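The block underneath contains the structure these notes are about, expressed in structure tokens.
Just so we're clear, the structure is a prediction, and the values are computed from it rather than from any experiment.
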Amino acid sequence: QVQLVESGGGLVQAGGSLRLSCTASGLTLSSYDMGWFRQAPGKERDFVARIGWSGGSKYYADSVKGRFTISRDNAKNTVYLQMNSLKPEDTADYYCAARLSDGYFYTRGKDYDYWGQGTQVTVSS
């Protein structure tokens, strides 16, 4: 069975930092592009960042560009999201997702095959 498990969420003041982790089991992470998405209360799930299978091809939503950094360690089957300069509008449940790499770039949730259960991030003003 395939399982993605997020961790690292929590409560932080505006301007602070958090580092989210997503560890995969049941798949070989090096074969997959990985993405981070988030969903705020009452809102739809939105794209945050993605990274190619080898650690290149990074792409970010405009709202987080310059503040968030996505990275991965395939040997550990783990993808990370370093979040700096956090803002209250970053408050959301954060999800990691995996898609078998095919050389193209995807930012829609429907295009990803596997999902974690999410981790809560709350940023206070």
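The heavy-atom pair separating Leu29 from Thr78 by the smallest distance is CD2-N, 3.3 Å. Heavy-atom minimum distance, Cys22 versus Met34: SG-CE, 4.4 Å. Between Leu100 and Tyr32, the closest heavy-atom pair is N-CD2, 3.2 Å. Listed here is the closest heavy atom pair of Ser101 and Asp33: OG-OD1, 3.4 Å.
Under the side chain to side chain contact (heavy atoms under 4.5 Å, CB included) test applied with Leu81, the options Thr69, Leu20, Val121 reduce to a single match, Leu20.
Counted within 6.0 Å of CD on Gln82, heavy atoms from surrounding residues, nucleotides or ligands total more than 12; the atom is thus considered enclosed. Within a 6.0 Å sphere centred on OH of Tyr106, other residues, nucleotides and ligands contribute more than 12 heavy atoms. Within a 6.0 Å radius of NZ in Lys76, other residues, nucleotides and ligands contribute 12 heavy atoms or fewer.
Here the straight-line distance linking atom OG1 of Thr122 with atom CG of Leu11 works out to 6.0 Å at 0.5 Å rounding.
At distances below 3.5 Å, at least one donor-acceptor pair connects side-chain atoms of Arg72 with backbone N or O atoms of Gly52. Using modelled atom types, one side-chain atom of Glu6 and one backbone atom of Gly118 make a donor-acceptor pair closer than 3.5 Å.
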Under 3.5 Å, side-chain donor or acceptor atoms of residues 90-98 against the rest of the protein: list the pairs with distances, not counting sequence neighbours.
| residue | atom | partner | partner atom | Å |
| --- | --- | --- | --- | --- |
| Asp90 | OD1 | Arg38 | NH1 | 2.9 |
| Asp90 | OD1 | Arg67 | NH2 | 3.1 |
| Asp90 | OD2 | Arg67 | NH1 | 2.8 |
| Asp90 | OD2 | Arg67 | NH2 | 3.4 |
| Asp90 | OD2 | Lys87 | N | 2.8 |
| Thr91 | OG1 | Pro88 | O | 2.9 |
| Thr91 | OG1 | Val123 | N | 2.9 |
| Thr91 | OG1 | Val123 | O | 3.4 |
| Tyr94 | OH | Arg38 | NH1 | 2.9 |
| Tyr94 | OH | Asp90 | O | 2.7 |

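Under the 6.0 Å distance and 45° angle rule, Arg50 does not count as a cation-pi partner of Phe105.
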Inset, instruction - Take Asn84 and Ser17 through the side-chain hydrogen bond (donor to acceptor under 3.5 Å, both in side chains) test and state the conclusion after the steps. - result: CA-CA 4 Å; Asn84 298 327; Ser17 298; 2.9 Å; yes
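Contact check for Phe37 versus Tyr112: side-chain heavy atoms found under the 4.5 Å cut-off. Side-chain atoms of Tyr60 and Thr107, non-hydrogen and from C-beta on, never get closer than 4.5 Å to each other.
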